[in-house]
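Working notes for the structure below.
A note on names: the letters A, B, ... follow the listed sequences, proteins ahead of strands, and every chain is numbered from 1. No experiment lies behind these values; they were computed from the predicted model shown.
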Number of protein chains: 2
Amino acid sequence: MSEPIRVLLADDQALVRGALAALLSLEPDLTVVAEVGRGDEVVPEARRTAPDVALLDVEMPGLDGIAATAALRAALPTCRVLVVTTFGRPGYLRRAMEAGANGFVVKDTPARQLAEAVRRVHAGLRVVDPTLAAETLATGASPLTERETDVLRAARHGGTVADLAAALHLSEGTVRNHLSAAIGKTGARNRAEAVRIAEQNGWLLGD
Amino acid sequence: MSEPIRVLLADDQALVRGALAALLSLEPDLTVVAEVGRGDEVVPEARRTAPDVALLDVEMPGLDGIAATAALRAALPTCRVLVVTTFGRPGYLRRAMEAGANGFVVKDTPARQLAEAVRRVHAGLRVVDPTLAAETLATGASPLTERETDVLRAARHGGTVADLAAALHLSEGTVRNHLSAAIGKTGARNRAEAVRIAEQNGWLLGD
DNA sequence: CCCCCGCCCTGACAAATGTCATGGCCGGAA
DNA sequence: TTCCGGCCATGACATTTGTCAGGGCGGGGG
């Protein structure tokens with residue numbers, strides 16, 4: 001039998017991270033060689049420990065999992081990436097794949113399948129949650145323009161138009177116009193709903 | 001040495017649930033006797049397996065963890081409850097304790113401490129995340145009246161005032177008034193912000 | 001070269017939202 | 001009993017938000 005597969009774990013919730021480590025450690029052919037809780041710690045730690053596969057959560061402080069995927073692929077091209085996330089948002093899958101991920105799994109897949117997914121990714125295969133794959137094709141990429149995305153992102157916290165205008169250095173009229181466009185494109189009936197829809201589709205990544 | 005502690009796990013994310021099971025199974029004095037993915041499966045499964053400690057997530061379909069806690073305490077008073085949650089929302093802790101929980105842990109506590117928390121709860125001690133305890137005292141109970149809470153809950157999805165009025169069988173003026181009151185009490189500057197604040201404080205439980 | 005198309009920016013107008021004063025209802029205190 | 005205070009309900013009014021038409025800028029195709 002060959003060397004065990006070296007795995008790096010990245011998840012912001014320490015409890016979940018530790019639990020996943022315990023789960024994977026049950027498999028004789030897998031070793032967890034590193035654990036990190038922030039996206040910006042992924043690359044430094046990967047350089048140090050040279051993992052074969054990195055298991056990255058999408059929701060992380062510092063750098064989200066998608067950005068961390070891109071950074072890791074650039075820094076260590078031989079390291080495979082398996083993205084894991086809580087929410088089955090179609091946009092996440094698309095963005096993850098564009099960033100160079102080798103696999104994508106949502107957190108409500110059965111626990112027994114995770115080790116198998118790691119093995120498949122390590123073997124060079126692509127692993128994609130099948131239910132999500134169909135949905136991704138249906139919803140497609142973001143229809144939002146760059147500025148519209150900026151404005152929606154800023155609107156998440158619930159400020160007034162004046163606040164957004166100040167934060168983005170735009171006139172209030174402009175902000176209203178971008179919001180209006182975003183509302184139209186998302187099919188929403190007001191700002192709050194547009195934010196919710198865009199967020200659910202994963203169109204607001206990048207803080 | 002006495003019998004191992006029997007544990008029931010409830011979490012809607014199968015991967016996390018399985019991982020927690022793996023983590024706890026590493027401890028020789030703990031046995032995971034049941035796993036469920038919905039709040040409304042907790043009591044039936046507990047009746048069947050007679051656990052000593054139930055580990056409940058707050059965010060679950062069917063019945064949230066707080067409601068499940070109350071139901072479980074009523075059905076099997078000898079079973080201790082340890083509530084686990086992703087978000088350290090002060091209101092959650094308060095509500096969980098009022099519902100009869102014996103402990104409360106957030107998911108970014110270190111993994112090693114979970115087994116210890118289970119043991120303490122089983123021994124009859126209370127386990128509370130210390131940082132959260134202070135915050136709870138500071139933010140206190142919800143200042144929102146029942147109707148205000150209803151209206152904010154309905155407003156989460158982002159509908160218009162007309163929608164809310166129809167859903168709650170109220171006049172539009174009334175809905176606006178309740179929203180205005182909620183905005184005032186939360187210190188928000190518009191509806192969306194009020195929803196966000198109330199949600200963060202755990203004042204909107206109960207779907 | 002010129003045209004066209006899309007994105008960005010802006011102000012004026014219409015529509016929705018938030019505020020306020022008012023009145024009905026109920027339960028506890030005087 | 002009567003009064004008081006809190007919650008709920010409602011309509012009129014001011015403010016904010018969403019829509020629209022229009023102009024500037026830059027890249028790609030004819």
What's the closest nucleotide to the side chain of [X] if the choices are [options]?
X: B/S171; options: D/dT10, D/dA21, D/dC8; value: D/dT10
X: A/S180; options: D/dT19, D/dA9, D/dT17; value: D/dT19
X: A/R191; options: D/dG18, D/dC8, D/dG11; value: D/dG18

Please classify the nucleic acid contact of [X] as base, sugar-phosphate, or nothing, using heavy-atom distances under 4.0 Å.
X: B/N177; answer: base
X: B/R147; answer: sugar-phosphate
X: B/E146; answer: sugar-phosphate
X: B/T145; answer: sugar-phosphate

> Which is the 5'-most and which the 3'-most nucleotide of DNA chain C that has an atom under 4.0 Å from a heavy atom of chain B?
Replying inline: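 First-to-last contact on DNA chain C, by the 4.0 Å heavy-atom rule, is C/dT17 to C/dC20.
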Measure [atom1]/[X] against [atom2]/[N] and give the value in whole Å, please.
X: B/R176; N: D/dT10; atom1: CZ; atom2: C1'; result: 11 Å
X: B/E148; N: D/dC7; atom1: CD; atom2: P; result: 8 Å
X: B/L170; N: D/dG11; atom1: CG; atom2: C1'; result: 15 Å
X: B/E172; N: D/dC13; atom1: CD; atom2: P; result: 17 Å
X: B/L144; N: D/dC8; atom1: CG; atom2: P; result: 11 Å

Is it the case that the side chain of [X] and the backbone of [Y] share a donor-acceptor pair, with hydrogens and angles ignored and the cut-off at 3.5 Å?
X: B/E148; Y: B/L144; value: no
X: A/S180; Y: A/R176; value: no
X: A/T174; Y: A/L170; value: no
X: B/N102; Y: B/V121; value: no
X: A/D163; Y: A/T160; value: yes
X: A/R6; Y: A/T49; value: yes

> Is any side-chain heavy atom of A/V83 less than 4.5 Å from a side-chain heavy atom of A/V105?
Replying inline: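 A side-chain contact under 4.5 Å is absent here.
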